[in-house]
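Report on one structure; see the data block that follows.
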Amino acid sequence: MAATTEAPEPWYLALLGFAEHFRTSSPPKIRLCVHCLQAVFQFKPPPRVEARTHLQLGSVLYRHTKNSELAQSHLEKAWFISQQISQFEDVKFEAASILSEFYCQQNLVDSAKPVLRKAIQISQQTPYWHCRLLFQLAQLHALERDLVSACDLLGVGAEYARVMGSEYTRALFLLSKGMLLLMERKLSEVHPLLTLCGTIVENWQGNPIQKESLRVFFLVLQVTHYLDAGQVKSVKPCLKQLQQCIQTISTLHDDEILPTNPAALFHWLPKEHMCVLVYLVTVMHSMQAGYLEKAQKYTDKALMQLEKLKMLDSNPILSTFQVILLEHIIMCRLVTGHKATALQEISQVCQLCQQSPRLFANHAAQLHTLLGLYCISVNCMDNAEAQFTAALQMTTHQELWTFIVTNLASVYIREGNRHQELYSLLERINPDHNFPVSSHCLRAAAFYIRGLLSFFQGRYNEAKRFLRETLKMSNAEDLNRLTACSLVLLGHIFFVLGNHRESNNMVVPAMQLASKIPDMSVQLWSSALLKDLNKACGNTIDAHEAAQMHQNFSQQLLQDHIAACSLPEHNLISWTDGLPPVQFQPQNGPTTSLAGLL
């Protein structure tokens with residue numbers, strides 16, 4: 001708590017010293033701190049001291065107590081009084097910034113906007129605060145999903161930073177704008193912007209940590225752009241650069257020397273947060289590519305780092321990172337045959353979402369999607385349909401919507417009696433015509449779903465055409481799971497057609513790839529096919545070996561199935577509305593059919 005710039009009165013210094021002592025005590029003595037600050041008003045202080053004390057009281061009450069009415073009153077007075085005083089920028093703009101933050105926390109967003117707009121209007125001669133307030137108002141618009149207004153403000157900030165001679169802060173504004181344009185899928189605007197950012201970042205000569213953090217921001221945008229497009233192979237050079245970049249940052253010591261340009265007093269993320277973010281995008285890549293053991297390794301590292309950070313830091317971005325990591329590892333566990341663990345981690349995501357309404361609003365659709373995938377894995381198709389339907393109603397994100405529809409179509413195909421609903425869905429994800437997203441991976445999956453339907457309908461030549469298209473696309477971008485699924489389904493088709501040699505040529509590499517991923521369902525399917533193939537060809541020893549493998553996979557899946565369905569969290573499959581339940585009633589035993597599994 002800084003004192004005034006004028007020669008302060010001894011009584012003021014004494015009260016301020018006591019207040020600061022109580023605030024920084026361990027544990028903090030907030031009530032005594034507040035008493036000391038309130039005592040300042042008994043001395044009828046001059047306007048500068050009065051405004052600063054209102055700001056200090058408002059900040060302490062806002063950050064350390066639940067007395068929101070009193071906090072609001074003090075912050076509003078600080079903002080009002082400080083506007084009447086010249087040469088009082090720090091108090092004036094800090095009051096505006098904290099008051100706006102307070103309004104947002106109280107869901108009074110419409111009260112926050114005019115405060116920030118006024119502060120931005122009168123702060124043009126104070127570069128640090130002008131940039132900070134522009135970022136703050138842009139973030140507020142972004143949280144409201146008004147990305148057009150947010151992008152406009154970031155554009156204004158970039159131009160202001162350029163005029164102020166800070167290419168570093170200009171890059172921060174432009175990269176933030178690029179991030180929002182990616183969220184809006186405005187790819188025609190993203191590409192030239194990222195090209196400009198790349199040039200600015202490479203040409204800027206300054207603090208090494210700031211330069212590397214800009215490169216991390218830039219590369220994270222590039223990597224997520226590729227992953228959104230389902231281009232798992234094409235992204236590898238960027239991802240490698242990103243991983244090298246974070247290694248460089250971790251070896252650099254934080255430079256104590258502050259930038260001389262006040263417009264450059266910003267940083268994107270703390271070094272430790274950047275490390276977690278790089279782990280996160282590596283997990284996203286590993287999961288899409290089908291390197292699930294690698295995904296598990298990096299998830300463990302990231303979650304360990306997050307636990308350490310959360311002990312010292314309450315930044316909500318850490319919970320967001322944790323939820324996204326868990327969402328990805330849950331999908332990995334369902335593939336590798338660890339359903340019980342996946343279910344417990346889904347419950348963990350529920351608990352994290354219960355602690356934050358914003359986190360739940362942003363991840364409710366993903367949560368229902370994960371439950372839908374879990375339901376498929378334990379053969380609860382009615383529940384899977386209900387979960388996917390709930391998820392579809394909660395998302396406007398095109399890639400997620402397409403992913404959900406693709407999985408819902410697979411449910412209808414398995415049920416076999418939902419033709420009208422199925423054809424309605426397939427029309428909306430037709431990979432040959434007006435596919436709704438640019439994702440290479442999702443389009444390849446749509447071809448696979450068509451192939452699966454044609455297989456079940458006995459239209460084998462049509463199925464082969466769709467599956468070969470899937471193979472061509474998945475091989476082009478190293479989509480290992482789709483490759484394995486397509487190979488085993490093609491192998492099944494050739495087996496049904498009596499072409500045992502061609503069937504073997506498909507099933508053997510499918511099994512090898514499924515073992516490498518590892519994908520338990522494809523291993524189960526492949527081993528059953530190999531058993532029947534070898535039996536048909538008179539290879540008794542190989543048939544026996546394949547039968548033994550099939551038996552082992554069946555037992556593992558069966559034990560995991562029983563373990564998952566016996567957990568109290570299994571009752572989550574019935575939750576489709578509102579906040580997730582806090583407690584779960586124990587199950588008496590598995591209530592789902594094992595026939596579809598084996």
Side-chain angles (χ1 to χ4, degrees), residues 227 230-236 239 279-302 325-342 345 370 373-374 376-378 403 406-407 410 439-442 444-445 447-449 451-452 467 470-492 504-531 546 549-550 552-561 564 597:
L227 291 178
Q231 294 175 321
V232 172
K233 187 176 183 178
S234 306
V235 76
K236 283 182 179 177
L239 184 59
Y279 282 142
L280 174 54
V281 294
T282 304
V283 168
M284 290 164 72
H285 174 261
S286 300
M287 196 215 71
Q288 273 199 39
Y291 306 129
L292 301 194
E293 286 177 348
K294 187 177 176 185
Q296 173 69 63
K297 182 179 91 171
Y298 280 106
T299 300
D300 289 344
K301 284 185 175 185
L325 277 163
L326 287 168
E327 286 169 355
H328 282 80
I329 203 60
I330 287 161
M331 288 188 277
C332 292
R333 299 220 197 270
L334 293 173
V335 173
T336 57
H338 298 94
K339 295 184 280 288
T341 309
E345 285 165 341
L370 290 170
L373 295 173
Y374 167 75
I376 290 176
S377 76
V378 291
F403 179 80
T406 305
N407 282 285
S410 79
S439 172
H440 184 92
C441 180
L442 287 171
F447 275 118
Y448 177 78
I449 287 294
L452 188 66
L467 292 170
T470 305
L471 271 179
K472 187 171 79 177
M473 292 186 74
S474 54
N475 282 333
E477 284 292 344
D478 289 351
L479 304 170
N480 289 333
R481 279 206 68 223
L482 269 175
T483 301
C485 290
S486 304
L487 284 171
V488 74
L489 185 48
L490 276 167
H492 204 134
N504 193 66
N505 288 343
M506 299 290 152
V507 179
V508 170
M511 184 58 146
Q512 289 167 343
L513 198 50
S515 305
K516 184 179 155 190
I517 292 170
D519 186 324
M520 190 64 86
S521 297
V522 174
Q523 285 177 295
L524 184 74
W525 190 357
S526 301
S527 58
L529 262 174
L530 282 171
K531 177 186 69 172
M549 271 199 300
H550 185 261
N552 292 342
F553 292 135
S554 298
Q555 282 302 313
Q556 284 177 53
L557 281 166
L558 183 58
Q559 285 165 10
D560 184 50
H561 182 102
L597 184 71

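One-based numbering along the sequence shown.
- In this structure, the side chains of Leu479 and Met473 stay at 4.5 Å or more apart for every pair of heavy atoms.
- Among all heavy-atom pairs drawn from Val522 and Ala514, the shortest one is CG1-CB, 3.6 Å.
- Of the possible donor and acceptor atoms, none in the side chain of Asp560 sits under 3.5 Å from a partner among the backbone N and O of Gln556.
- The structure places NZ of Lys516 at 15.5 Å from CE of Met511, a figure rounded to the nearest 0.5 Å.
- Using a 4.5 Å cut-off on side-chain heavy atoms (C-beta onward), Cys441 and Glu477 make no contact.
- Leu334 is not listed as a side-chain neighbour of Leu370, based on a closest heavy-atom distance of 4.5 Å or more.
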Please report the C-alpha distance between Asp300 and Gln296 in whole Å, then the side-chain angles of each, then the deciding distance to 0.1 Å, and finally whether the side chain to side chain donor-acceptor pair (under 3.5 Å) criterion is met. CA-CA 6 Å; Asp300 289 344; Gln296 173 69 63; 2.8 Å; yes
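- In this structure, Ser527 contributes its side chain and Leu524 its backbone to a donor-acceptor pair below 3.5 Å.
- Using a 4.5 Å heavy-atom cutoff, the side chains of Phe447 and Leu482 are not in contact.
- Summarising the geometry, atom CG belonging to Leu239 is positioned 9.5 Å from atom NZ belonging to Lys236; distances are rounded to the nearest 0.5 Å.
- Atom NZ of Lys339 is separated from atom CE of Met520 by 8.0 Å, given to the nearest 0.5 angstrom.
- Between Leu487 and Val507 there is no side-chain heavy-atom pair separated by less than 4.5 Å.
- By the 4.5 Å heavy-atom criterion applied to side chains, His328 and Thr299 are not counted as neighbours.
- Rounding to the nearest 0.5 Å gives a distance of 6.0 Å between OG1 of Thr406 and CG of Leu442.
- Under 3.5 Å, the side chains of Gln523 and Asp519 contain no donor-acceptor pair of N or O atoms.
- The two residues Ser410 and Asn407 make their nearest non-hydrogen contact at OG-O, 2.6 Å.
- Rounded to the nearest 0.5 angstrom, Phe553 CZ and Ser521 OG are separated by 11.0 Å.
- Closest non-hydrogen pair, Cys332 versus Met287, comes out as SG-CG, 3.4 Å.
- Here the side chains of Tyr448 and Leu489 are in contact, with some heavy-atom distance below 4.5 Å.
- Atom CE of residue Met549 and atom CG of residue Leu530 lie 5.5 Å apart, to the nearest 0.5 angstrom.
- Contact detail for Ala476 and Lys233: the closest heavy-atom pair is O-CD, 3.3 Å.
- Across Ala295 and Val283, no two heavy atoms sit closer than the pair O-CG2, 3.7 Å.
- Looking at every heavy atom in both residues, Ser486 comes nearest to Thr470 through OG-CG2, 3.1 Å.
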Test side chain to side chain contact (heavy atoms under 4.5 Å, CB included) applied to Arg333 and Leu292, step by step: CA-CA 8 Å; Arg333 299 220 197 270; Leu292 301 194; over 6 Å; no
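- Inspection of the Arg481 and Gln288 side chains reveals no N or O donor paired with an N or O acceptor under 3.5 Å.
- You'll find the side chain of Phe403 reaches within 4.5 Å of the side chain of Leu373, heavy atoms only.
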